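First the structure, in the form of structure tokens, and then the observations on it.
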Amino acid sequence: MENQKSVISAANNSRIKFEVINGHFATNHSHVSSYIDMSGIKNSLNGAKETAKELAGAFNYTPVQAIICVEGTRMVGAFLADELSSGLHGINAGIDISVITPEFGMNNEIILRDNIQQMIRGKAVLLLASSVSSGKSVAQTMDCLNYYGGTLTGVGAIFSAVEEVHGMKISSVFTPKDIPAYQSHKPAECPMCQAGQKLDAIVNSFGYSKL
């Protein structure tokens, strides 16, 4: 399937790019027609920094006291916190923004230990994800943040297939318009499955495992 790989660059910044492999893939909540490899963005200094700059513009006037980083976005989150805190015109200038990577329980719910909860309780929280296909994981994280007393003020993602979740807008660098072949379906409604097309791989935020 790797022979169907292509490189996609962000519309506003050609230095932000990822690889896309077309096929039939299963995530936790959906079947998708494209695997988006964001390892270069999430793990490289320049990729993470440029992505943070691109996202920062969407949150300059959104209160942010903490950033919850899921799906390996901690490096992007750290640069994003720096962009928001050091900005001359945004409302977060000079704020010491906490950057947190939560643990996850057996049901994929976030877990915050007692020493971390104080960074969330009563705070304005930005959720940062790598890829949002259906929005179910984002919705679950929203519920968990509410449990810990945080106020979700924004959601950012490198790629998002949906524009909002539970009324909360998702600001992303890439959308399905950047990946024309991208499709996302509920497993029971997947046309690739109905056509007898076998799954190529199981995918998550860490990568893919061929079947």
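All residue numbers in this chain count up from 1 along the given sequence. Only a predicted model underlies this, so the values are computations on that prediction, with no experimental measurement involved.
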For Y61, side-chain contact (heavy atoms from CB on, under 4.5 Å) partners two or more places apart: H89, I91
With a 4.5 Å cut-off on side-chain heavy atoms, are Q140 and V138 touching? no
Determine the minimum heavy-atom distance between I111 and F104, stating which atoms define it. CD1-C, 4.1 Å
Could you list the donor-acceptor pairs under 3.5 angstrom formed between side-chain atoms of residues 186-193 and any protein atom two or more places apart in sequence or on another chain?
none

Do you know which two heavy atoms are closest between G77 and C69, and how far apart they sit? CA-SG, 3.8 Å
Closer than 3.5 angstrom, by distance alone: can the side chain of N43 be matched with the main-chain N or O of G40 as a donor-acceptor pair? no
If you count heavy atoms of other groups shown closer than 6.0 angstrom to CD of Q197, is the number above 12? yes
Atom CG of residue position D96 - does it have more than 12 heavy atoms of other residues, nucleotides or ligands inside 6.0 Å? no
Which residues pass the side-chain contact (heavy atoms from CB on, under 4.5 Å) test with K136, sequence neighbours left out? H29, S134
Please report the shortest heavy-atom distance between Q65 and G122, naming the atom on each side. OE1-O, 4.2 Å
Is the shortest side-chain heavy-atom distance between S131 and M38 below 4.5 Å? yes
Would you kindly confirm whether V173 and L128 end up in one hydrophobic cluster when ILVMFWY residues are joined by side chain heavy atoms under 4.5 Å apart? yes
As an exercise, state the distance from OG of S160 to NZ of K169, rounded to the nearest 0.5 Å. 11.0 Å
Those residues that, when tested against R121, pass salt bridge (charged side-chain N to carboxylate O under 4.0 Å, His left out) (two or more places apart): none
Side-chain heavy-atom pair P102, I68 within 4.5 angstrom cut-off: yes
Which hydrophobic side chains are connected to F206, either touching it within the sub-4.5 Å cutoff or through other members that do? none
Not counting sequence neighbours, which residues clear ring pair (Phe, Tyr, Trp, His ring centres under 6.0 Å) with H185? List them please. none
Single-linkage hydrophobic cluster, 4.5 Å side-chain cutoff, M119 and I95 together: no
Are V99 and R74 packed together at the side-chain level, in the sense that at least one heavy-atom pair is separated by less than 4.5 angstrom? yes
Any idea which heavy atoms bring M168 and V155 closest together, and the distance? CG-CG2, 3.6 Å
side-chain contact (heavy atoms from CB on, under 4.5 Å) with L126: of L80, I97, T62, only one passes, and it is L80
Look up atom CZ in F18 and atom CZ in F174, then write down how far apart they are to the nearest 0.5 Å. 4.5 Å
Distance-only donor-acceptor check, side chains N13 and E54, under 3.5 Å: no
Give a yes or no answer on whether the side chain of T151 reaches the backbone of A124 with a donor-acceptor pair at less than 3.5 Å. no
For Y148, enumerate each residue passing the ring pair (Phe, Tyr, Trp, His ring centres under 6.0 Å) test, keeping only those at least two apart in sequence or located in another chain. none
Flag, side chain of T141 to backbone of S137, donor-acceptor distance under 3.5 Å: yes
Quick one: CD1 on I41 to OG1 on T73, what's the gap to the nearest 0.5 Å? 11.5 Å
Taking the side chain as C-beta and beyond, is there a heavy-atom pair between I120 and I100 under 4.5 Å? yes
For the residue pair K198 and H24, what are the closest heavy atoms and their distance? O-ND1, 3.3 Å
Grouping ILVMFWY residues whenever side-chain heavy atoms fall under 4.5 Å, the cluster of L199 otherwise contains I202, L211
Go through the structure and list residues passing salt bridge (charged side-chain N to carboxylate O under 4.0 Å, His left out) with E164, not counting sequence neighbours. none
Nearest heavy-atom pair of S205 and K42: which atoms, and what distance? O-NZ, 2.9 Å
Does V76 belong to the same Ile/Leu/Val/Met/Phe/Trp/Tyr cluster as V64, with side-chain heavy atoms less than 4.5 Å apart forming each link? yes
Is any side-chain N of the basic residue among K5 and E19 closer than 4.0 Å to the acidic one's carboxylate O? yes
With heavy-atom distances below 4.5 Å as the criterion, would you say the side chains of I170 and V162 are in contact? yes
Apart from L45 itself, its cluster of hydrophobic side chains linked below 4.5 Å comprises M75, F79
Quick one: list whatever passes ring pair (Phe, Tyr, Trp, His ring centres under 6.0 Å) with F59, sequence neighbours left out. none
When rounded to the nearest 0.5 Å, the distance separating CG of L55 from CD of E50 is 11.5 Å
Would you say N204's side chain and G207's backbone share a donor-acceptor pair under 3.5 angstrom? yes
With S34 via side-chain contact (heavy atoms from CB on, under 4.5 Å) - residues at least two apart: V20, N22, I179, A181, Y182
Value for CD1 (I36) from CD1 (I158), rounded to nearest 0.5 Å, stands at 10.0 Å
Side chain to side chain contact (heavy atoms under 4.5 Å, CB included) for L152 and L127? Distances and angles first, verdict last. CA-CA 7 Å; L152 187 69; L127 173 63; 3.8 Å; yes
When rounded to the nearest 0.5 angstrom, what distance separates CG in L112 from CG in L145? 7.5 Å
Single-linkage hydrophobic cluster V132~Y208, side-chain heavy atoms < 4.5 angstrom: no
For Q183 and S33, does a side-chain donor sit closer than 3.5 Å to a side-chain acceptor? no
Scan side-chain atoms only and decide if S44 and N46 contain a donor-acceptor pair under the 3.5 Å cut-off. no
Salt bridge (charged side-chain N to carboxylate O under 4.0 Å, His left out) evaluation trace for R113 with E103: CA-CA 9 Å; R113 302 293 177 176; E103 298 177 62; 2.7 Å; yes
